[in-house]
Number of protein chains: 2
Amino acid sequence: MTDAINRTSKLPLYHQLYEILRGAIGRGEWKPGDMLPSELELTERYQVSRITVRQVLDMLAKEGLIYRQRGRGTFVAHPTVDQVLQRIVSFTDDMRRRGFEPSTRVLSAGLLPAPEEIGRKLLIPAGEELVRLQRLRLADDEPMTIEESYLIHRYCPGLLERDYRAEPLRELLERVYGIRWSRATQVIRAITASRELATLLAIRPNAAVLFIERVSYSQDNVPIEFLRLYHRGDRYALQNELRG
Amino acid sequence: MTDAINRTSKLPLYHQLYEILRGAIGRGEWKPGDMLPSELELTERYQVSRITVRQVLDMLAKEGLIYRQRGRGTFVAHPTVDQVLQRIVSFTDDMRRRGFEPSTRVLSAGLLPAPEEIGRKLLIPAGEELVRLQRLRLADDEPMTIEESYLIHRYCPGLLERDYRAEPLRELLERVYGIRWSRATQVIRAITASRELATLLAIRPNAAVLFIERVSYSQDNVPIEFLRLYHRGDRYALQNELRG
DNA sequence: TAGTGGTCTAGACCACAAA
DNA sequence: TTGTGGTCTAGACCACTAA
């Protein structure tokens, strides 16, 4: 909260204030349930009009990060299971919200030339070097998900020499390579487990698997990661709310 | 567009204007790609301030119903496949967007007392009378989805005597019983097809099925319908975009 | 009663697109 | 040059919550 608004910047005021508040919530400086400063306080602290403050709070509320109560104040929202279909959420956070204790085993890690199909999705020529990281994700020590991550090596050279087992991949990418995910597109399907996948997930061959393929984009809107998620059909479900 | 804003109503102006514009788009009075009146025109036509007009247009834009281009104008958005995870979309619209020609066969229709499980989801006692409608949905004359709908009979008495084959169920519910869906909650899973389901969908037993259970709420926020959707895993996928 | 968010206004200047 | 949406301001009154 030491950030201030830069009046000479070309960035709109509301955008700067959004980043300030968003960052403070993201870093946990305000925790779920905490009350944010009132609109009046924010106008004074950042020297912007109330309309501009409200524009930012409305954005955050629409995204589900805060909620507002007339006569009471504005509060940091408790994360919900819904959010996994709206935001990029780590496996760890997702499992904690579902009431599981997450853990991870690295199955394989290495470099490989991009197959045609993945090259197309990441907008790179086939053959360009990728980092491939295959992990088994457990919930309460039982297999839940296989996660296959393909990263363009050019953007994170030497990743495999880092301690990607100890630190969440997402934090490592941000800290060392300055990569933050701004958005992602994904496709969700139902498939049946191959013999190999079944063994890893400790399910019967041909059991149902919720399969997600995702392309994640950096803050510069460059596609950097292609991800395959194989969720156990008997343990994992997605939830969301629809408007009429 | 003959609607006008009622200054004596307790409803906020922006809410009334939202309903007017939303309705006109929903009824197809403006079609995808059409330009909406400019902000200035809307302020004049409805005698509200520009900020109020913008509040409404921003809401519609956030929901993906319109898009805005500085210097050009505001336009009705083309529906996307994404929307099926955000809005309540009919099978017919969904298939057309995916480039298929939809059709329907009614498999069964009748009344039954609510099983315990469905009663819980619809907040009614077990045993209350439900309408059950089971339909096979086809895309380009090939099975795509089995749709099992359970409606509380009390809210749509005599539904089965109506011509629910000719008219979309949604329109019939609105026209005859005044029921509009305001929102819904759903759970998405991967399952394998039972022998019976496999026969209906023309797939192998144990093939993967994308299974969705949904509770839909009327404009009065009353749960009225419980829906089970069994989508063929080899033909149907969901797509969406995530924020970082 | 004091403090909070909800709604609404008039008016200004800017950036961008198209003619 | 004209018309569009984008950003921002000060100020007003209302509705709700909690003390």
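As the structure is a prediction and not an experimental result, all values here were calculated from the model. Chain letters run A, B, ... following the sequence lines, proteins first, then strands; residues in each count from 1.
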Is it true that A:R137 and A:T104 share a donor-acceptor pair across their side chains at a distance under 3.5 Å? yes

Rounded to the nearest Å, what distance is computed from the CG atom of residue B:L11 to the C1' atom of nucleotide C:dT7? 13 Å

Would B:Y150 and B:E148 count as having a side-chain donor-acceptor pair, cut-off 3.5 Å? yes

Nearest-angstrom distance from the residue atom CD1 of A:I51 to P of C:dG6: 14 Å

Grab the CG-P distance between A:L42 and C:dG3 for me, whole Å please. 17 Å

Hey, does the side chain of A:S38 come within less than 4.0 Å of C:dT4's phosphate (OP1/OP2), counting only N and O? yes

Do you know which two heavy atoms are closest between B:R189 and A:L210, and how far apart they sit? C-CD1, 4.2 Å

Using a cut-off of less than 4.0 Å, is there contact between a side-chain N or O of B:T74 and OP1 or OP2 of D:dG5? yes

Between D:dG5 atom P and B:L40 atom CG, what is the distance in whole Å? 9 Å

Using only side-chain N and O atoms of A:T52, determine if any of them is under 4.0 Å from OP1 or OP2 of D:dT9. yes

Heavy-atom closest pair (B:L172 atom, B:Y164 atom, distance to 0.1 Å) is CD1-CA, 3.7 Å

Which residues, if any, of residues 53-73 of chain B bring a heavy atom under 4.0 Å of DNA chain D? B:R54, B:R68, B:Q69, B:R70, B:G71, B:R72, B:G73

Nearest 0.5 Å, please: how far is CZ in B:R243 from CD in A:E63? 4.5 Å

To the nearest angstrom, how far is B:M35 atom CE from C:dA17 atom P? 14 Å

Charged N to carboxylate O under 4.0 angstrom, A:E241 versus B:R183? yes

Kindly indicate, with the supporting measurements, whether the criterion side chain to side chain donor-acceptor pair (under 3.5 Å) is fulfilled by A:T185 and B:Q239. CA-CA 8 Å; A:T185 59; B:Q239 294 171 39; over 6 Å; no

When rounded to whole Å, the CZ to P distance for the pair A:R50 and C:dG5 reads 8 Å

Report the distance from atom CD of A:E39 to atom C1' of D:dA15, rounded to the nearest whole Å. 14 Å

To the nearest Å, how far apart are B:L13 CG and D:dC14 P? 14 Å

From the list C:dT9, D:dC8, D:dT4, which nucleotide is the closest neighbour of the side chain of A:P12? D:dC8

